[in-house]
Amino acid sequence: MKSKKTDNKKANRNIALSLMGMGLMLGLGACNASQDANAATVRANVTNSKSEKTQGNETSINVDNNNVSINGDGASSEGKIITISKAGNYRLKGNLSEGQIVVNADGDVNLNLDNFTISNSSDAPIVGKSGNININLVDGSDNKISDMRAANTQDENSTSENNAYDAAVYSEGDINLTGSGKLTVEGGYEDAIHSKSNLNVEGGNYSITASHHGLNGKKTLVVKNGYFDITTVEDAMHSKGDVTFENGELNINAGDDALHADNTLTVKDGKVNIAASNEGLEGITVNIEGGNILVNSSDDGINAAGDSTDGSQVSYAINISGGDIKIIPGGDGIDSNGDLNISGGNIVVDGPSNGGNAPIDYDGTGTITGGSILATGNSGMFQGFNGNNSTQSSIIYYLDNNAATGATIKISDESGKELFTSADQTQSYNAVLYSSAEIESGKNYKVSVGNSEGSVTAGNSQGGNFGQPPQGGMGGNGQRPQMNGNSQGRGGNGQGQPPQGQPPEMNGNFGGRGEGNNQGQPSMGQPPQGGPNGNFQGRGGNGQGQPPQGQPPQMNGNFGGRGGNGQGQPPQGQPPQMNGNFQGRCQGNDQGRPPMGQPPQNENNQSSENKTDAKKNKNNKNNSNQKTGDTSGKEK
């Protein structure tokens, strides 16, 4: 959904925080797990390939009835505060309430947690002031770190000083997590685990709750293995740099993004189960190379968006080369503010059902060269692929009415061979996109959805996909359709030029949306809506976006044109003959003459859900976290 999250973020966060103590958060995680079998917590120890980091002498730190005893060098205690001032190996056992471990050493400090519990209601339980912290979860151990401070509701843009350490485990240096034991982390104040450098996880079994982010590595966040059950008010995994998930299992309930990178987000393998999120996977570049991924999101499922740290222009891209991916979105399923490239993987996009979003949405080129994709949703903003480098064909099929939940989709070739079937869609839809290596350009395919059945011709690009539009249609190869109802679908073989000369004769709605490639050639989406006494609508896009030439439609309706930031000119030629209104609004780029292309639904259906271009230039939400200076534990 192309709308800024920034404006709503603070309000949503404060509402969540006001309703939520740590006990409630834990209950939420348990509730969501019980309601969604896919998110159910199945505890299993993960074997770490590396041995415990206990080479050399080991200092023992034991806690009995809150009394600290230390046997070895490099550590000291004052009351319940344990200070480690020397690099080396430390084994911690026992239960320390209202305590703290402070690491202030040069080099690596290896903390071997062996059934160790620490909590603090006034400060961060573990603080790394200097040196790197390596936490090893001893095999068979069950450990817990609890930041019991009240959730921080201070505005992140506030100029007031706040030097509080913002995580249960906080470090100025690297944090590395290894081992095969269990660790529960409660981030009551803000984050659960936060490194202002690099955060790396190579094994372990984790249960994490946080009133802000779960795992936060400022420079990088890398997860190579482990089992995670994460419930957060904001992002489950977050970095101002790159995020990489290589293997392991994630079960996530996130109030904001499940996996967020200010730069590049990469998923290579493993299992990612996102039971709840605002946006599932987000980065300026999102690379999916493998893995089993389920995304439930209230907004976009996979999103390429954000800003560079220095304000320079960035190139957005979503690149999918492998994996089994299912997305159930409330906004766009796959949304790139730049390019979308699919070269492998098996993708299912189930929704959205509202006409202001689309299963796939991109502002650059959409290219498919391998893999398979089934995308179902509302035809209002529906897109196929338009990349000239696409080597794999696809088909788009429009239904006259919305399909019922659980209706069976079947796709067969000319010989009757069934190529694909699915009945798993949970959101209503009236448009179906399908592409796989078995689809050949120019051949006809039978598509049935429940009781609806039709034949469509495959094409190599968005302009070459034929389908039966819900109402009205646009002809192939620049040919003008005659329409008071259904026609043959959408333009052919990549031509997709706006019809020249006299436009359609119709008593219906004509909508144009140009978000095309500079010259204003149409993105072929939902064809014009038919029906009596409708509206004529045009939305300006990028590039010159010229309107149809010649005599415009004869109609009893309204003419609404939204041009660009420039001249905002109405269609050329003889103006409309109509009993209605003529309206012009400038809202686009370049010359702003309303282009022909993918039309929206009629004016009555346009609401706050309709897309704008705001998200193309949205400020990455983490820019608001930047503070003057870099010495406070407050920085995200």
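Computed from heavy atoms alone, side chains included, the values below leave out hydrogens, waters and symmetry copies.
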I would like to know whether V286 and L259 meet side chain to side chain contact (heavy atoms under 4.5 Å, CB included); could you show each step before the answer?
CA-CA 10 Å; V286 179; L259 280 69; over 6 Å; no
Check against salt bridge (Lys or Arg N to Asp or Glu O under 4.0 Å), E190 and R149
CA-CA 9 Å; E190 285 197 8; R149 291 173 290 176; over 6 Å; no
Kindly determine whether Q383 and M381 satisfy side chain to side chain contact (heavy atoms under 4.5 Å, CB included), including the steps that lead there.
CA-CA 6 Å; Q383 280 186 286; M381 305 293 286; over 6 Å; no
Quick one: do L183 and I145 satisfy side chain to side chain contact (heavy atoms under 4.5 Å, CB included)? Show the steps, please.
CA-CA 8 Å; L183 176 62; I145 302 170; 4.0 Å; yes
Might you work through the side chain to side chain contact (heavy atoms under 4.5 Å, CB included) test for I373 and F385, ending with a clear yes or no?
CA-CA 11 Å; I373 181 170; F385 298 97; 4.1 Å; yes
Please determine whether side chain to side chain donor-acceptor pair (under 3.5 Å) holds for the pair N273 and N251, giving the CA-CA distance in whole Å, both sets of side-chain angles, and the decisive distance to 0.1 Å.
CA-CA 5 Å; N273 177 36; N251 290 306; 3.2 Å; yes
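Interatomic distance, I274 CD1 to I293 CD1, rounded to the nearest 0.5 Å: 8.0 Å. Rounded to the nearest 0.5 angstrom, S336 OG and D361 CG are separated by 8.5 Å. The structure places CG of N134 at 8.0 Å from CG of L111, a figure rounded to the nearest 0.5 Å. Within the model, atoms CG of D174 and OG1 of T220 stand 7.5 Å from one another, a figure rounded to the nearest 0.5 Å. Taking CG from N337 and CG from L340, the interatomic distance works out to 12.0 Å, rounded to the nearest 0.5 Å. With values rounded to the nearest 0.5 angstrom, I318 atom CD1 is found 6.5 Å from I334 atom CD1.
Looking at D350 and Q427, their side chains never bring a donor and an acceptor atom within 3.5 Å of each other. Using a 3.5 Å distance cut-off with no hydrogens or angles, the side chains of T231 and D229 do not pair a donor with an acceptor. Between the side chains of N357 and N354, at least one donor N or O lies within less than 3.5 Å of an accepting N or O. No hydrogens or angles considered: a donor-acceptor pair under 3.5 Å links the side chains of H194 and D166. In this model, no donor atom of one side chain and acceptor atom of the other lie less than 3.5 Å apart for S141 and D114. A donor atom on one side chain and an acceptor atom on the other are found under 3.5 Å apart for D324 and N346. Between the side chains of D108 and N132, at least one donor N or O sits under 3.5 Å from an acceptor N or O. With 3.5 Å as the limit, one finds no donor-acceptor pair spanning the side chains of S85 and N104. Side-chain atoms of H213 and N216 form no donor-acceptor pair, as typed in the model, at a separation below 3.5 Å.
Summarising the local packing, CG of D106 is surrounded by 12 or fewer heavy atoms from other residues, nucleotides or ligands at distances under 6.0 Å. Within a 6.0 Å sphere centred on NZ of K224, heavy atoms belonging to other residues, nucleotides or ligands number 12 at most.
Counting only heavy atoms from C-beta outward, the side chains of S197 and K219 approach each other to under 4.5 Å. Between I118 and L92, the closest side-chain pair of non-hydrogen atoms is not below 4.5 Å. Proximity of I302 to I327: side-chain heavy atoms (C-beta onward) are separated by under 4.5 Å at one or more points. Side-chain contact between Y206 and V223: absent, with no pair of heavy atoms (C-beta onward) separated by less than 4.5 Å. In this structure the side chain of V127 reaches within 4.5 angstrom of the side chain of Q100, judged on heavy atoms. Looking only at side-chain heavy atoms (C-beta outward), S298 and S277 stay at 4.5 Å or farther from each other. Put simply, the side chain of D262 does not reach to within 4.5 Å of the side chain of I284, judged on heavy atoms. You'll find the side chain of L137 stays beyond 4.5 Å of the side chain of N205, heavy atoms only.
No donor-acceptor distance shorter than 3.5 angstrom exists from the side chain of N247 to the backbone of N225, with no hydrogens or angles considered. At least one donor-acceptor pair under 3.5 Å links the side chain of N115 to the backbone N or O of D142. Within the 3.5 Å criterion, the main-chain N or O of M148 finds no donor-acceptor partner in the side chain of S146. Here the side chain of S239 pairs a donor or acceptor atom with the backbone of G217 at under 3.5 angstrom. At distances below 3.5 Å, at least one donor-acceptor pair connects side-chain atoms of D235 with backbone N or O atoms of D257. No donor-acceptor pair closer than 3.5 Å links the side chain of E249 to the backbone N or O of Y227. S195 places a side-chain N or O within donor-acceptor distance of the main-chain N or O of G173, the cut-off being under 3.5 Å. No side-chain donor-acceptor contact under 3.5 Å links D332 to the backbone of I360. The backbone N or O of G306 sits less than 3.5 Å from a side-chain atom of Y316, completing a donor-acceptor pair. Judged by distance alone, with hydrogens and angles left aside, the side-chain atoms of E98 form no donor-acceptor pair with the main-chain N or O of K80 at under 3.5 Å.
Between I193 and the choices V201, L199, L221, I135, the side chain to side chain contact (heavy atoms under 4.5 Å, CB included) rule is met once, by L199. Just one of D269, V272, L265 meets the side chain to side chain contact (heavy atoms under 4.5 Å, CB included) condition when paired with F245; it is V272. No option in D256, D191, N152, V233 other than D191 meets the side chain to side chain contact (heavy atoms under 4.5 Å, CB included) test with H212.
Between P125 and A168 the shortest heavy-atom distance is CD-O, 3.2 Å. Scanning both residues, S312 and D310, for their nearest heavy atoms gives OG-OD1, 2.7 Å. Nearest heavy-atom pair, I252 versus A236, reported as atom, atom and distance to 0.1 Å: CG2-CB, 3.6 Å. Heavy atoms only, all atoms of each residue included: A261 and G241 are closest at CB-O, 3.5 Å. Residues S211 and G188 come closest through the heavy atom pair OG-O, 2.9 Å. Looking at every heavy atom in both residues, A75 comes nearest to I61 through CB-CD1, 4.1 Å.
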